[in-house]
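As structure tokens, the structure follows; a few thoughts come after it.
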Amino acid sequence: MARTDQHDNGAKEQPFWTRAQQLEKQAPCQVDCPNSGNVRGWLGIIAQRRKHGLSLEQAYDKAWEELVQLNPFPATIGRICPHPCETHCTREGKDGAVSINALERFLGDWAIDRKLSLPLLDGQRYAESIGVIGSGPAGLSFAYQMARRGYSVTLYEKHDQPGGMLRHAIPDYRLPRKLVEAEIQRVLELRISVVNGLELGKDISLEELRKRHSLLFLGMGAQGARRLGIQGESGPGIIPGIVYLRQRKLGMKTGLGSKVVIIGGGNTAIDAARSARREGASVTVLYRRSRQEMPAAAHEVDDAIIEGVQFTFGAVPCKVLRDGNVMTGVEYQRKQAGERDETYQLSADSMIVAISQQPDWHGLNLARDGSKWLLTEEDGKLADDIWAGGDDRGPGIASRSVAHGRLAAEAAHAQLRGEPRPLSRPAPPTVDTGKIKTDYYEGRVRGVYPRRPDEQWLEQPDLEIEQTISSEQACKEADRCLSCGLCFDCYQCVMYCNAGGFSPVDDAAPGRYYALALDACEGCGKCIELCPCGYLEAREGPPQGANSSSASGSRRSG
Ligand SMILES: Cc1cc2nc3c(=O)[nH]c(=O)nc-3n(C[C@H](O)[C@H](O)[C@H](O)COP(=O)(O)OP(=O)(O)OC[C@H]3O[C@@H](n4cnc5c(N)ncnc54)[C@H](O)[C@@H]3O)c2cc1C
Ligand code: SF4
Ligand code: SF4
Ligand code: SF4
């Protein structure tokens, strides 16, 4: 379709065209994932495997390799991530979001079973030495990304084993330690040295580490438990949530009584409550706001209720009751609608305080402008030779920590090599989901995690409740992805373009199947109308390079 624009002064402009163009866009799942996971990319490898001559096993291996470019812990994150990626999945409006988290977990377990190794990048070795303080998901992610780029990395950890909250807090019935250990071990195999039992700020100063390394990353998390600050809190019977969970993870005696009150409404509170039920205690959670306002994942709260945990909402503890030194209960206030605060007493012999964590800055002289968190640039830069990420920059979830570590590594590497830091590059556009033709795709029931029957949960307290999906389910679930914003070779455009504008490329790969010759396009818009995934769209303007094609692939001859 060509038109000729005319100016008021009568001068004629160049011909103006509407053309079809191929334009890859970000899918909603990627936009919502804290780590910008290329979900569509790794699902596409499985779903489109036959087009590329891959067996199912080869496709799983390759999909895992794609996934771990950004996240080296898919078995772990595939279990604990609250999967915001699924919230706006375009499939949700049709027959339920793609079970991305379940697939991530499947591939993670697959790789552990097959003993797959993490992929290095370009085989370079660099002279700079990197120090990482803290070995939670943030520190490990940074260490992984730097090691695979060719730096020698040393990890300093105050505890006697690496892993942070993944290894020392999240209970086994949600995250078995065997899997976390396997995924950490695989990262450490990339020539990363670990110094356990060394605490920055106590055993070694920041200045000493700065002299030892070219660049440091601080991934120290938020390991300090906050206190309630109420009367009677100091004394026996009171235990911080993360201390209690750590004792459970290490198989230590917790000294918990039989009537336990938990204070808080986040992940730590619910994990502590469910763990205490596993020790046989009766458990009541006091939370100061409503159920809807609880920061803990809603399904965790549902499961805690199934396990017999009691909840009292709108309850603010004000005093620990004691007989001499022995804890006998807790006094709390509860606001009744429109009434003054009422005071109640709850009998209890132990109290787990899980109101929140904060970083422990003891012995560390870091400029924070009065904030309790580290204030960095967007990519984690704190100073030329110090970067930071994870919960020491504010509370978050594990996949955000992995993202912080990765983004900091990408930026620190660029800086060390004298290149521009990557966050300054513009983000690709996001697909307009209104343009995805969901009716084109066949209806398929969403695959979900199998779960052990609930009567077994407390009987076998450390066994995982949710199970990994089978290979058959994984394959079916990957097929449900609509490939939002990227070509998946449905052939519609090729078939209906009267001008023969589309031709197959020689080096086809997921997302790259056809080249569109701009000089052939007549601008009828048929292909745009038909493309189910929103990859094709209209471009207006004077033709540029009339003989060029917008796909980078070479056209297949013949
Ligand atoms: C009970 C609980 C349940 C959770 N559940 C979930 C969940 O279901 N899903 C989810 O996504 N997230 C969950 N989270 C949050 C998630 O675990 C954290 O966001 C994540 O672990 C933070 O990673 P990080 O690397 O910043 O810090 P951390 O995991 O806290 O690791 C920090 C590491 O640094 C070490 N360290 C600290 N100070 C020093 C020092 N001075 N010198 C040397 N080493 C030091 C610590 O020992 C630790 O190993 C949960 C957290 C808790 C506490
Ligand atoms: S890390 Fe979480 S949000 Fe990102 S793809 Fe995996 S499950 Fe989804
Ligand atoms: S359908 Fe696929 S590409 Fe689209 S949002 Fe869902 S998982 Fe992502
Ligand atoms: S119509 Fe089909 S083959 Fe053509 S670009 Fe869209 S997804 Fe790819």
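Ligands are counted one by one from 1 in listed order, and the atoms in each one are counted from 1 as well. None of these values were measured; they are calculated from a predicted model.
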(request) Tell me, please, if Cys85 has any N/O/S atom, main chain or side chain, under 2.8 Å from atom 8 (Fe) of ligand 2? (result)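 Of the N, O and S atoms in Cys85, at least one lies under 2.8 Å from atom 8 (Fe) of ligand 2, which means yes.
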Distance filter under 4.0 Å to [X] heavy atoms, resulting ligand 2 atoms:
X      : value
Pro84  : 3 (S)
Val39  : 5 (S)
Glu104 : 1 (S), 5 (S), 6 (Fe), 7 (S)
Cys81  : 1 (S), 2 (Fe), 3 (S), 7 (S)
Pro34  : 3 (S)
Ser399 : 1 (S)

(message) Using a 4.0 Å heavy-atom cut-off, which part of Tyr491 comes near ligand 4: side chain, backbone, both, or neither?
(response)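 Within the 4.0 Å criterion, Tyr491 contacts ligand 4 through backbone atoms alone.
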(request) Could you see which bit of Val494 sits under 4.0 Å from ligand 4, with heavy atoms only: side chain, backbone, both or neither? (result)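 For Val494, there is no contact with ligand 4 at all, from either part.
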Suppose we measure from [atom] to each protein heavy atom; which comes out shortest, and what is that distance?
atom                    : value
atom 8 (Fe) of ligand 4 : Cys487 SG, 2.4 Å
atom 4 (Fe) of ligand 2 : Cys33 SG, 2.3 Å
atom 1 (S) of ligand 2  : Ile77 CG2, 3.5 Å
atom 6 (Fe) of ligand 3 : Cys89 SG, 2.4 Å

(message) Looking at atom 4 (Fe) of ligand 4, is there an N, O or S atom belonging to Cys493 that lies under 2.8 Å away from it?
(response)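 Checking atom 4 (Fe) of ligand 4 against Cys493, an N, O or S atom does fall under 2.8 Å.
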(request) Give the contacting part of Asn35 toward ligand 2: side chain, backbone, both or neither, where contact means a heavy-atom distance below 4.0 Å. (result)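 Looking at Asn35 and ligand 2, no heavy atom falls under 4.0 Å.
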Lys/Arg-Asp/Glu bridge criterion (N-O < 4.0 Å) met for [X], [Y]:
X      : Y      : answer
Arg148 : Asp122 : no
Glu378 : Arg421 : no
Arg446 : Glu86  : yes
Arg512 : Asp489 : no
Glu181 : Lys178 : no
Lys476 : Glu472 : yes
Asp172 : Lys249 : yes
Arg278 : Glu307 : yes

Subset of ligand 3 atoms that lie under 4.0 Å from at least one heavy atom of [X]:
X      : result
Ala27  : 3 (S)
Leu482 : 1 (S), 2 (Fe)
Cys29  : 3 (S), 5 (S), 7 (S), 8 (Fe)
Thr90  : 4 (Fe), 5 (S), 6 (Fe)

(request) For Arg406 and Ser141, test the side chains for any donor-to-acceptor distance below 3.5 angstrom and give the result as yes or no. (result)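 No.
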Where ligand 4 meets [X] - atom numbers and elements under 4.0 angstrom, heavy-atom basis:
X      : result
Cys533 : 7 (S)
Tyr535 : 5 (S)
Phe488 : 7 (S)
Cys531 : 1 (S), 6 (Fe), 7 (S)

Is [X] reaching over with its side chain to a backbone N or O of [Y], donor-acceptor style, under 3.5 angstrom?
X      : Y      : answer
Lys437 : Cys531 : yes
Arg480 : Glu442 : no
Arg452 : Trp457 : no

(message) Apply ring-ring contact (aromatic ring centres under 6.0 Å, His included) to residues Phe106 and Tyr60 and explain how you reach the verdict.
(response) CA-CA 9 Å; Phe106 169 82; Tyr60 287 153; 4.8 Å; yes
(message) Quick check on Asn101 - does any of its heavy atoms sit under 4.0 Å from an atom of ligand 2?
(response)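 Asn101: in contact with ligand 2 (<4.0 Å).
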(request) Decide whether the shortest distance between a heavy atom of Ser36 and an atom of ligand 2 is less than 4.0 Å. (result)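 It does not; every heavy atom stays at 4.0 Å or beyond.
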(message) Taking only non-hydrogen atoms of Phe502, do any sit less than 4.0 angstrom from ligand 4?
(response)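 Phe502: no contact with ligand 4 (<4.0 Å).
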(request) Answer yes or no for Leu530: is there a heavy-atom contact with ligand 4 below 4.0 Å? (result)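 In this structure, Leu530 fails to qualify as a contact of ligand 4 - no heavy atom is under 4.0 Å.
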(request) Identify which of Gly534, Cys497, Cys490 has a heavy atom lying nearest to atom 2 (Fe) of ligand 4. (result)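 Comparing heavy atoms across Gly534, Cys497, Cys490, the nearest one to atom 2 (Fe) of ligand 4 lies in Cys490.
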(request) Apply the salt bridge (charged side-chain N to carboxylate O under 4.0 Å, His left out) test between Arg79 and each candidate in Glu183, Glu466, Glu464, Glu104; give the one that qualifies. (result)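 Checked Glu183, Glu466, Glu464, Glu104 against Arg79; only one passes salt bridge (charged side-chain N to carboxylate O under 4.0 Å, His left out): Glu464.
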(request) With ring-ring contact (aromatic ring centres under 6.0 Å, His included) as the test, would you mind laying out the steps for Phe502 and Tyr514 before giving the verdict? (result) CA-CA 6 Å; Phe502 294 87; Tyr514 304 101; 7.0 Å; no
(message) Just checking: Cys484, one of its N/O/S atoms, less than 2.8 Å away from atom 2 (Fe) of ligand 3, yes or no?
(response)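 Within the cut-off used here (under 2.8 Å), Cys484 places no N, O or S atom near atom 2 (Fe) of ligand 3.
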(message) Taking the ring centre of each residue, are Phe142 and His404 less than 6.0 Å apart?
(response)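 Ring centres of His404 and Phe142 not closer than 6.0 Å.
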(request) Verify whether the ring centers belonging to Trp387 and Phe217 lie closer than 6.0 Å. (result)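 Not under 6.0 Å, so no.
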